[in-house]
Amino acid sequence: MDKQQAQKEINELRELLNQYGYEYYVLDKPTVPDAEYDRKLQELTKLEAEFPELITEDSPTQRVGGEPLEGFQKVEHIVPMMSLGNAFDEQDLRDFVRRASQGTNDKISFVCELKIDGLAVSLTYENGRLVRGATRGDGTIGEDITSNLKTIRSIPLTIKETGRIEVRGEAFMPHKSFLALNEAKKEREEEPFANPRNAAAGSLRQLDPKIAARRHLDIYLYGVGEWQAEALETHSERLNKLKELGFKTNPEWKKCKTVEEVMEFVEYWTKERPNLSYEIDGIVIKVDNLKQQEELGFTAKSPRWAIAYKFPAEEAITKLTAIELNVGRTGVVTPTAILEPVKVAGTTVQRATLHNEDLIREQDIRIGDTLVIKKAGDIIPKVVRVMEEKRTGEEEEFHMPENCPECGNELVRLEEEVALRCINPNCPAQLKEGLIHFVSRDAMNIDGLGEKVITQLFREKLIHTIADLYRLKKDELLELERMGEKSVNNLLQAIEDSKENSLEKLLFGLGIRYVGSKAARTLAMEFETMENLQQASFEDLIAIDEIGDKMADAIVKHFAEEKVTNLLEELQQLGINMAYKGPKQTTVEEDAVFAGKTIVLTGKMENYTRNEAKELIEARGGSVTGSVSKKTDLLIAGEDAGSKLEKAEKLGVAIWNEQQLKSAIEG
Ligand code: IVH
């Protein structure tokens, strides 16, 4: 293909991909299956690889690119990014409306919007291209976080507008992303984020855009800073215009003419707030007419034409009926408050975190106490204080038990830790949690084995250890509730397939303290076999860049345990692969042909064995799994492909033949 033709095809693909992306991320109404998007992106990636001189910053392939930054550049906001004054009740709102009405001669109307709880950012476009994304900073000087903001898929990289336009909005982390992120953090024994706002801010402050990309942020645009060519009269027209330009705007805004209408909006959202998929902390009320806004002007810090109504702190009073103990995978025993059900901001709360015994002591929380609990942005409710004035004398002090509530083994407090731990390696609660971890996606990724099925298998005493998973028999599985022939077959196949996983998956699955999936990969790559790693000394381990003292120590201790040695021996005998199969180089480029793709191989190939194909794909950033599911991005079908091909067709997964694979591999 000549360059001119390539440019033409590239332009068409970009336009199509932008359209698909817009439908998916902005409108939330995809018109094509994900696989179709991926296929087109693949095509574009390939073309751009052939003609690198045609790659531009605003290509859909360039959302996550570039090297980590050393630090953020400072940027100046020509139009300052102000904050808003607060209103806490109806009276404050009436005062605001009165002041605004007095400050202008004409009739006044307002736009009420949701106050998204995230991080104010500014996006600058020049001649239709996103050239800069920045934080608010102190309002005058912010930080250039363009590469992080580009990873937010609902931010258009190009718009159809000439000249210079700077738009403003709130970047935020939806609840779903927040929960997943904190779950992963917990898994790695890292401190979770307290709320989605902190998580969003933390993500956008990452110097490596690849991290921000994994955090799945979103954005709503709600205003304009500089705009040379603006010819609009009202804020509501601006919102419509922003939407027309392809920006994601929050649909829940309303034009209001009276305080009563404003109050109605406020009251409605106070109730509806828990049903949103993201956090809001109030309502913003803005004078609609832009001329009137100008007339009203600003105080030193905030505009006189807008105000933020803040939701009251979401507190409630309830009784502590019991304290439940949960044993996690690593044996940490955490107390949870069991509460008399109470409504807080629309949702019923029955549990609150108590963290650990020290905190229970500090707050002097007793069973039977009346508590003030709070459900802020934090999602998991917390105890604010004990209402001592409500005590009857019947309340009971709580003491952590000396023994594990699950297995009865003595609990210990490890040095420098507040938490109590059960260190019985055979504690059933830990074993179960450990198994759930073992089969999870980043570990052995066994499809069809989630928390529910593991719990069921555990309850029926079909499994006790990891090795038992590989000894499950068809007839015993068939006897389980809700397990038909087909799901049993699939399950057994998925378990069988997992035997072929590369070492890092097994290593991560073992749940060694501090060893997350990334460290597992590094270890697998460095040591290549489980045996080598088992023999590694503390010094061998800390010689590796990413492995610190704490992790090295944990690894050595882990492999010194007889139980672990026995388990690994058993696993080996059961046919579980213990060698690293991935690429030799340490990093796969983010723009590699198969970067981030989950690929399934089926049928016979002429040029490669299954393993060769797998290695070649992994070397180009893809991961190869055993069975086709919704998560599969691509099926590569050789000769005589059977049921996997059928399933892929049914699910609309992209399908390649061997020749397509070959040409992608050969670049
Ligand atoms: S308008 C001149 N609209 O709230 C001020 N702000 O304290 C323009 N926020 O920094 C702000 N949702 O981070 C506006 N719909 C919305 C908002 C919103 C959230 C945040 C924003 C701002 C803060 C105001």
Side-chain angles (χ1 to χ4, degrees), residues 86-93 114-118 173 175 178-179 182 186 191-199 201 263 266-276 278-283 308-326 332-401 405 418-420:
N86 291 326
F88 294 101
D89 53 26
E90 184 170 342
Q91 192 53 49
D92 292 347
L93 281 178
L114 304 185
K115 185 168 187 299
I116 317 292
D117 200 7
M173 187 176 283
H175 285 153
F178 175 68
L179 292 174
N182 267 358
K186 237 171 60 196
E191 191 65 29
F193 283 111
N195 53 53
R197 177 171 25 82
N198 290 0
M263 277 316 293
V266 165
E267 274 154 25
Y268 177 81
W269 283 107
T270 307
K271 281 206 204 75
E272 275 306 303
R273 177 184 178 195
N275 299 327
L276 289 167
Y278 47 88
E279 199 68 33
I280 61 173
D281 60 342
I283 301 295
Y309 170 85
K310 289 282 189 73
F311 289 131
E314 301 167 271
E315 291 185 350
I317 293 169
T318 184
K319 252 193 164 153
L320 175 66
T321 55
I323 292 180
E324 190 186 273
L325 296 167
N326 297 301
V332 173
V333 181
T334 44
T336 301
I338 306 297
L339 308 167
E340 270 178 13
V342 61
K343 277 223 161 164
V344 193
T347 49
T348 304
V349 167
Q350 309 200 47
R351 303 161 82 86
T353 50
L354 290 171
H355 302 286
N356 55 55
E357 191 178 17
D358 286 5
L359 283 176
I360 297 175
R361 265 309 83 67
E362 246 165 58
Q363 289 185 289
D364 189 24
I365 298 170
R366 302 179 195 177
I367 297 168
D369 263 339
T370 304
L371 305 174
V372 178
I373 61 155
K374 180 169 111 178
K375 190 169 168 277
D378 304 350
I379 298 185
I380 308 162
K382 281 184 181 153
V383 177
V384 179
R385 69 183 177 92
V386 173
M387 297 180 79
E388 282 178 30
E389 61 276 24
K390 298 259 174 161
R391 280 200 173 141
T392 62
E394 303 270 296
E395 296 74 16
E396 283 170 46
E397 263 187 45
F398 169 78
H399 293 281
M400 282 294 264
V418 270
L420 279 180

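Under the salt bridge (charged side-chain N to carboxylate O under 4.0 Å, His left out) rule, Asp369 has a single partner from Arg385, Lys390, Arg391, which is Arg391.
Listed by chain and number, the residues in a side-chain contact (heavy atoms from CB on, under 4.5 Å) with Asp92 are Ala87, Phe88, Asp89 (sequence neighbours excluded). Partners of Ala316 according to the side-chain contact (heavy atoms from CB on, under 4.5 Å) rule, which considers only residues two or more places apart in sequence or in another chain, are Val342, Val344, Ile373. With sequence neighbours excluded, the residues that form a ring pair (Phe, Tyr, Trp, His ring centres under 6.0 Å) with Tyr278 are Phe172, Tyr220. Listed by chain and residue number, nothing satisfies the side chain to side chain donor-acceptor pair (under 3.5 Å) test with Gln350 (two or more places apart in sequence, or in another chain). The side-chain contact (heavy atoms from CB on, under 4.5 Å) check on Leu359 picks up His355, Asn356, Glu362, with sequence neighbours excluded. For Glu90, the side chain to side chain donor-acceptor pair (under 3.5 Å) partners are Arg94, not counting sequence neighbours.
The shortest distance between side-chain heavy atoms of Asp117 and Ile280 does not fall below 4.5 Å. Under the 4.5 Å side-chain criterion, counting only non-hydrogen atoms from C-beta, Val386 is not in contact with Asp364.
Here the closest non-hydrogen pair linking Leu354 and Ala337 is CD1-N, 3.5 Å. Nearest heavy-atom pair across Pro381 and Arg351 is CG-O, 3.4 Å. In plain terms, the two heavy atoms of Arg273 and Thr270 that are nearest each other are CB-O, 3.9 Å. For the pair Thr392 and Glu395, the tightest heavy-atom approach, listed with the atom from each and the gap, is N-OE2, 2.9 Å. In this structure, Leu420 and Pro401 approach most closely via the heavy-atom pair CD1-O, 4.3 Å.
With a 6.0 Å radius and a threshold of 12 heavy atoms from other residues, nucleotides or ligands, Glu394 has its CD atom at or below the threshold.
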Test side-chain contact (heavy atoms from CB on, under 4.5 Å) applied to Leu93 and Met263, step by step: CA-CA 8 Å; Leu93 281 178; Met263 277 316 293; 3.5 Å; yes
Begin with the C-alpha distance, continue with both residues' side-chain angles, and end with the deciding distance and a verdict on side-chain contact (heavy atoms from CB on, under 4.5 Å) for Leu114 and Ile283. CA-CA 5 Å; Leu114 304 185; Ile283 301 295; 3.9 Å; yes
Set out, in order, the CA-CA distance, both residues' side-chain angles and the distance that settles side-chain contact (heavy atoms from CB on, under 4.5 Å) for Leu371 and Ile365, then state yes or no. CA-CA 8 Å; Leu371 305 174; Ile365 298 170; 4.3 Å; yes
Worked check of side-chain contact (heavy atoms from CB on, under 4.5 Å) between Gln363 and Val383: CA-CA 9 Å; Gln363 289 185 289; Val383 177; 4.2 Å; yes
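For the atom pair CD (Glu340) and CG (Leu320), the distance works out to 9.5 Å, reported to the nearest 0.5 Å. Atom CD1 of Ile317 is separated from atom CE of Met387 by 4.0 Å, given to the nearest 0.5 angstrom. Between atom OG1 of residue Thr336 and atom CG of residue Leu325 there is a gap of 8.0 Å, rounded to the nearest 0.5 Å. Rounding to the nearest 0.5 Å gives a distance of 7.5 Å between CG of Asn182 and CZ of Phe193. Note that NE2 of His399 and CD1 of Ile323 are 10.5 Å apart. Values are rounded to the nearest 0.5 Å. Between the NZ atom in Lys319 and the CD1 atom in Ile367 there is a gap of 13.0 Å [rounded to 0.5 Å].
Under the 4.0 Å criterion applied to side-chain N and carboxylate O atoms, Arg361 and Glu357 are assigned as salt-bridge partners.
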